[in-house]
Amino acid sequence: DSRGRLYFTASNSKSPSVFGHVHYYDPKTGFGERKDWPLQEGQALEVGQCLAKGKQCVFSDDEGHVYRFDDDGPSWSYLGQIETGQQATYTWLFNVSSDGSKIYTANSTSPQPSNFTSLYEFDLKTGETQKLCTVADLDPSLRDLHVHTGYDAWDPEGRFYFASFNGHPDQPVVLTRVDPARLKAALNKP
């Protein structure tokens with residue numbers, strides 16, 4: 001942060017009192033804890049993106065619990081959970097719109113058909129999740145790929161990028177570019 005602190009998290013379900021909140025390292029005072037900055041279910045942060053020259057950051061653990069850090073204060077808040085309606089999925093794709101109002105994400109699954117992996121929009125003001133489409137709807141080459149990853153991968157035209165794969169050495173990694181405004185217009189989504 002602007003005071004020189006480095007914040008970090010870790011998780012261990014057997015020790016929630018130790019790992020269920022944010023820790024920090026301050027160059028002047030050493031290591032410390034922010035017990036008033038709790039983590040949902042003791043899950044460590046997995047992905048994130050900072051805006052406003054690092055003054056505001058949005059993070060998620062791999063279960064889709066979303067948090068906001070504000071350098072003024074500093075302050076920490078829980079904003080809600082990305083609701084995919086699926087069990088055993090992971091959040092490894094995370095792109096926050098430049099105005100800080102939306103997150104674009106996809107769930108990654110253990111090997112399952114592509115209809116289980118979808119692209120979502122999470123509204124940072126309301127905490128509501130909207131399913132946009134399955135990832136296979138974006139491109140048929142994504143049909144058998146169940147891991148989708150990438151964060152803070154925007155280009156100057158407002159499109160984000162992510163990589164998809166299935167972990168088999170003989171299968172390709174596919175890089176996908178999404179223009180959220182064009183996609184939502186094509187899908188007739190508000």
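Source: prediction; values computed, not measured. Positions are given from 1, in the same order as the sequence printed here.
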>> Tell me whether the count of non-hydrogen atoms from other residues, nucleotides or ligands lying under 6.0 Å of OH in Y67 goes above 12.
In response: yes
> Would L142 and V174 satisfy side-chain contact (heavy atoms from CB on, under 4.5 Å), going step by step from the backbone distance to the final call?
Replying inline: CA-CA 7 Å; L142 299 172; V174 176; 3.8 Å; yes
> Checking side-chain hydrogen bond (donor to acceptor under 3.5 Å, both in side chains) for the pair Y151/N95: CA distance, chi angles, key distance, verdict?
Replying inline: CA-CA 5 Å; Y151 54 94; N95 290 285; over 6 Å; no
> Are the side chain of D70 and the backbone of Q56 linked by a donor-acceptor contact shorter than 3.5 Å?
Replying inline: no
> Which is it for T84 and N107 under the side-chain hydrogen bond (donor to acceptor under 3.5 Å, both in side chains) test, yes or no, and what are the steps along the way?
Replying inline: CA-CA 7 Å; T84 65; N107 58 324; 4.6 Å; no
> Charged N to carboxylate O below 4.0 Å: is that the case for R3 and D26?
Replying inline: no
> T9 side chain to L45 main-chain N or O, any donor-acceptor pair under 3.5 Å?
Replying inline: yes
>> Which label fits F160 and Y104: parallel for a plane angle under 30°, tilted from 30 to 60°, or perpendicular past 60°?
In response: parallel
>> Would the distance check show the side chain of T105 and the main-chain N or O of L93 forming a donor-acceptor pair, the cut-off being under 3.5 Å?
In response: yes
> Is there a side-chain contact between P74 and W37, using heavy atoms and a 4.5 Å cut-off?
Replying inline: yes
>> Students often mix this up, so state it plainly: with edges at 30° and 60°, are the rings of H23 and H21 parallel, tilted or perpendicular?
In response: parallel
> Which heavy atom of D99 sits nearest a heavy atom of S97, and at what distance?
Replying inline: OD1-OG, 2.7 Å
>> Taking ring pair (Phe, Tyr, Trp, His ring centres under 6.0 Å) as the criterion, tell me which of Y24, Y78, Y7 meets it with F69.
In response: Y7
>> Just so I know, are the side chains of D123 and K102 near enough to count as touching, which here means a heavy-atom distance under 4.5 Å?
In response: yes
> Under a 4.5 Å cut-off applied to non-hydrogen side-chain atoms, are I82 and V66 in contact?
Replying inline: yes
> Of all heavy-atom pairs between S11 and G42, which one has the smallest distance, and what is that distance?
Replying inline: CB-O, 3.0 Å
> Rounded to the nearest 0.5 Å, how far does NE2 of H65 lie from CG of L79?
Replying inline: 12.0 Å
> What is the distance from atom CG of L119 to atom CD of Q130, rounded to the nearest 0.5 Å?
Replying inline: 10.0 Å
> Under 4.5 Å between any side-chain heavy atoms of Q171 and N166, yes or no?
Replying inline: yes
> Any side-chain heavy atom of H146 sitting closer than 4.5 Å to one from S164?
Replying inline: no
>> How close do P180 and G158 get, counting heavy atoms only, and between which atoms?
In response: CD-O, 3.4 Å
> Given side chains that start at C-beta, do those of K55 and C50 come closer than 4.5 Å, heavy atoms only?
Replying inline: no
>> If you compare all heavy atoms of A106 against all heavy atoms of V135, which two are closest, and at what distance to 0.1 Å?
In response: CB-CG1, 4.3 Å
>> Which heavy atom of F94 sits nearest to which heavy atom of S60, and what is that distance?
In response: CE1-CB, 3.5 Å
> In the single-linkage hydrophobic clustering (I, L, V, M, F, W, Y; side-chain heavy atoms under 4.5 Å), do L138 and L145 co-cluster?
Replying inline: yes
> Quick one: are L175 and Y161 in side-chain contact, heavy atoms under 4.5 Å?
Replying inline: yes
> What do the steps show when you test V22 against E33 for side-chain contact (heavy atoms from CB on, under 4.5 Å), and what is the final call?
Replying inline: CA-CA 6 Å; V22 176; E33 302 175 64; over 6 Å; no
> Are V96 and F122 grouped together when hydrophobic residues (ILVMFWY) are joined by side-chain heavy atoms under 4.5 angstrom apart?
Replying inline: yes
> Donor-acceptor pair, T129 side chain versus E83 backbone, under 3.5 Å?
Replying inline: yes
>> With side-chain contact (heavy atoms from CB on, under 4.5 Å) as the criterion, how do E121 and K184 come out once you've worked through the C-alpha distance, each side chain's angles and the decisive distance to 0.1 Å?
In response: CA-CA 10 Å; E121 179 184 78; K184 289 171 62 176; 2.8 Å; yes
>> Less than 4.5 Å apart, side chain to side chain, heavy atoms only: is that true for L187 and L183?
In response: yes
> Counting only heavy atoms not in R182, do more than 12 sit closer than 6.0 Å to its CZ atom?
Replying inline: no
>> When you measure from the side chain of T134 to the backbone of S118, do you find a donor-acceptor pair of N or O atoms at a distance under 3.5 Å?
In response: no
> Passes side-chain contact (heavy atoms from CB on, under 4.5 Å), L124 versus S101? Steps please.
Replying inline: CA-CA 5 Å; L124 286 161; S101 67; 5.7 Å; no
> So H148 and F162, would you call those rings parallel, tilted or perpendicular, with 30° and 60° as cut-offs?
Replying inline: perpendicular
> Can you tell me how far the OG atom of S108 sits from the OH atom of Y90, to the nearest 0.5 Å?
Replying inline: 10.0 Å
> Could you go step by step and tell me if R159 and D155 meet the salt bridge (charged side-chain N to carboxylate O under 4.0 Å, His left out) rule?
Replying inline: CA-CA 6 Å; R159 301 171 297 197; D155 69 18; 2.7 Å; yes
> For the atom pair CG (D152) and CD (Q49), what is the distance rounded to the nearest 0.5 Å?
Replying inline: 3.5 Å
> How close do L51 and S98 get, heavy atom to heavy atom, and via which atoms?
Replying inline: CD2-O, 4.3 Å
